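Values below: every heavy atom of this structure, side chains too, minus hydrogens, waters and symmetry copies. It should be emphasised that the depicted structure is a prediction, and the values quoted were computed from it without experimental measurement. Throughout, protein chains are lettered first and strands after them, A, B, ... in sequence-line order, and every chain is numbered starting at 1.
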Amino acid sequence: MPYVCILEVSVKIHEYQAKSILAKYQVPVPKGDVADNPDRAVEIARDMGGSVWVVKAQIHAGGRGKGGGVKLARSLDEVRAHAESIIGMTLVTHQTGPEGKHVKNVLVEAGQDIQRELYFGIVIDRATSCPVVMASSEGGMDIEEVAADNPDAIMKEVVDIEVGLMPFQARKIAFGLGLSGKQIRKAVSFMQATYKAFIDSDSSLLEINPLMIDGAGELIALDAKMTFDDNAMYRHPDILAMRDLDEEEPSEIEASKFDLNFIKLNGTVGCMVNGAGLAMATMDIIKIAGQEPANFLDVGGGATQERVEAAFKLILSDPAVKAVLINIFGGIVRCDMIARGVIEAARNLDLKVPVVVRLEGTNAEEGLALLNDSGLGLIPVQGLAAAARKVADVVKGA
Amino acid sequence: MSILVNNHTRVVVQGITGSQGSFHAEHCINYGTQIVAGVTPGKGGTSVIEDQVPVYNTVAEAVKKAGANVSLIFVPPPFAADAIMEAADAGVALVVCITEGIPTVDMIHAYNFVQRKGVRLVGPNCPGVITPGACKIGIMPGHIHRPGRVGVVSRSGTLTYEAVGQLTALGIGQSTCVGIGGDPVIGSNFTDILKLFNDDPDTDGVVMIGEIGGTAEDEAAVWAKANMKKPIVGFIAGQTAPPGKRMGHAGAIIAGGKGTAAEKMQIMSECGIHVVNSPADMGSKMREVLS
């Protein structure tokens, strides 16, 4: 089997939420709770008892420890001090980008007696169209780095979804991790429970990194990350409710309200296209013409005039946009309808940037006539290459 | 000749009484496709599209009474995997699933099921299959196509239309155009369709349109190097796509640094595929390769 090709989709949740899902399946997780203020953090620690606690920033990005978002406390005063410093901080990690993420909550957990740190993960593998369970004795490391540097250190078991993760597969992994004695049975239970949580919740990626073994030989999920198949979220209202919109790009949330597929990029040419493949190809040809796309935007097959207007507004709300390229290959979507949406939006908005429009397919001529008659100075172009060249020219002229 | 569908194809449309199903079934009929039946559970005994198409409660009935041998599916995502399995169980030879947004786990079950039944599945999340001048099974605009001898296979919808539009404008007709779909779990991959084109005496060359994510293009390229007797023109969409972002299609994502356009284009070139950098050059490259 080649490398595992991870399918990652957009619904993500926080560590404490992933652990709450795992706990429902009897996967052992550390005792703890989430706090949005230092008083509550101290209360959680006091109620749990013990003498060592961990205060962990709850953001979706990884690498929190290195960024100062995970701290050990040896007294309740230290719990308070750490909670005070972490809640409200802007945490920068290798996954957040330089602007970082604002921390709203901390997870306060009982300190653990860590003897070994392992890696355990489950993904849906595209190459085999099967769930794949992965494990490595190099816990705590970024699994992608391990995969690159030492691929043999990762064990994989392809799961037949019709029968689930079988005990023999879990045993293979457990022995491979160097476990022995009673730990084998515990590891099999741990893996099977985790697999069940993964499948039942329509997860697309589940990582327990590290999976720790304590002094008593118990396996515990010290960290947990889960992402979900957004196509399946209609049957998981509980998981959808865990979505933290503050962790997501505001323009992408706005786009999702109108069923638009929108991804913000860093260029200057805004694009509005029907179809994901053509939208990517349009970004590519803008680049070939010497400019950079400002976004990916698929208005979809069932685009209405209202959605086209919303899309246009979204593109123009980005101050970096110096020109817009509209590229529509009409099939089900009629070009005249797209033209009406564009004209309506252009009238309602104070249009300050040039707009190059390429319409082809169903009712293209009618659409072009509407644009020409609108008196709004929209620039019609024929052909994909010519459209990209034209928009590059107007950006340079701007 | 052609692949997958021709003028003997008899189609049952699952979900024909829905707005998408009835709209596209009518367009298929207008193109000349034999839509012989529709299926909507609970609406058996009625008929739709100006009383031309009888509706049955089950696909099995549509196969038995109307002689359907291909199914076209417009059933909403929560019920689509079940619809695929119903079609495969009823004994049609080909299932074309247009539905977008089927949960991955459901699709894995459906994929395993059709494999066991030995039925070919195209899609889901695809524009369908068209043999120009003979049979259109899907949502593509029929009028941009011309009958001819170049095959098209693609993960995308409108980008396929773009390629077809370029070919037609240059006077190059198409044998069959197949949209295999943008989801991570699909019934037929590039290699499956290339094999069919390779064996089709009426296909001279193939335009293959891939995109970022997964390794299906790489595997097809390696297969083509060893087996393909006909030239392939290739394009990969998403050369400018950032890693970790899902570009519309559920399957179009660069994950773990893998599945980039550059990587795919290199492997395809090394395997003898005529790769174009610009999506505007797909048609002209095919003309050059065939001349």
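The number of heavy-atom neighbours closer than 6.0 Å to CG of B/Asn30, taken from other residues, nucleotides and ligands shown, is above 12. Atom CD of B/Gln115 has more than 12 heavy atoms from other residues, nucleotides or ligands within 6.0 Å. Annotation: A/Glu365, atom CD; neighbour count of heavy atoms from other residues, nucleotides and ligands within 6.0 Å does not exceed 12. The local environment of NZ in A/Lys196 is sparse, with at most 12 non-hydrogen atoms from other residues, nucleotides or ligands closer than 6.0 Å.
For A/Tyr234, the part sitting under 4.5 Å from any heavy atom of chain B is the side chain, from C-beta outward, and nothing else. For B/Pro127, no part lies under 4.5 angstrom from a heavy atom of chain A. Using a 4.5 Å cut-off between heavy atoms, B/Ile139 contacts chain A through both its backbone and its side chain. Contact of A/Leu265 with chain B is made through the side chain alone, with heavy-atom distances under 4.5 Å. For chain A, no part of B/Ile186 is nearby; none of its heavy atoms comes within less than 4.5 Å. Of the two parts of B/Ile209, neither the backbone nor the side chain holds a non-hydrogen atom closer than 4.5 Å to a non-hydrogen atom of chain A. Looking at B/His27, there are no atoms closer than 4.5 Å to chain A (heavy atoms on both sides), in backbone or side chain.
Between the side chain of A/Asp284 and the backbone N or O of B/Gln239 there is at least one donor-acceptor pair closer than 3.5 Å. B/Thr158 places a side-chain N or O within 3.5 Å of a backbone atom of A/Asn274 that can act as its donor or acceptor partner.
Of all the heavy atoms in A/Gly277 and B/Ala237, the pair that sits closest is O-CB, 3.7 Å. Contact between B/Gly165 and A/Phe329 at its shortest, heavy atoms only, is CA-CZ, 4.4 Å. Here the closest non-hydrogen pair linking A/Gly361 and B/His143 is C-CE1, 4.1 Å. In terms of heavy-atom proximity, A/Ile285 sits nearest to B/Ala280 at CD1-CB, 3.7 Å. What you find for A/Arg126 and B/Pro184 is that their closest heavy atoms are CG-CB, 4.0 Å.
Annotation: the span from B/Met107 atom CE to A/Asp229 atom CG amounts to 12.0 Å, rounded to 0.5 Å. Atom CE of residue A/Met283 and atom OG1 of residue B/Thr240 lie 3.5 Å apart, to the nearest 0.5 angstrom.
Tested against B/Thr104 for a side chain to side chain contact (heavy atoms under 4.5 Å, CB included), the candidates A/Asn231, A/Ile124, A/Asp202 yield a single pass: A/Ile124. A/Ser129 pairs in a side chain to side chain contact (heavy atoms under 4.5 Å, CB included) with only one of the listed residues (B/Asn112, B/Asn189, B/Val185), which is B/Val185.
Contact check for A/Ile161 versus B/His109: side-chain heavy atoms found under the 4.5 Å cut-off. By the 4.5 Å heavy-atom criterion applied to side chains, A/Arg235 and B/Pro103 are counted as neighbours.
Residues satisfying the side chain to side chain contact (heavy atoms under 4.5 Å, CB included) test with B/Asn277, not counting sequence neighbours, are A/Ile288, B/Met265.
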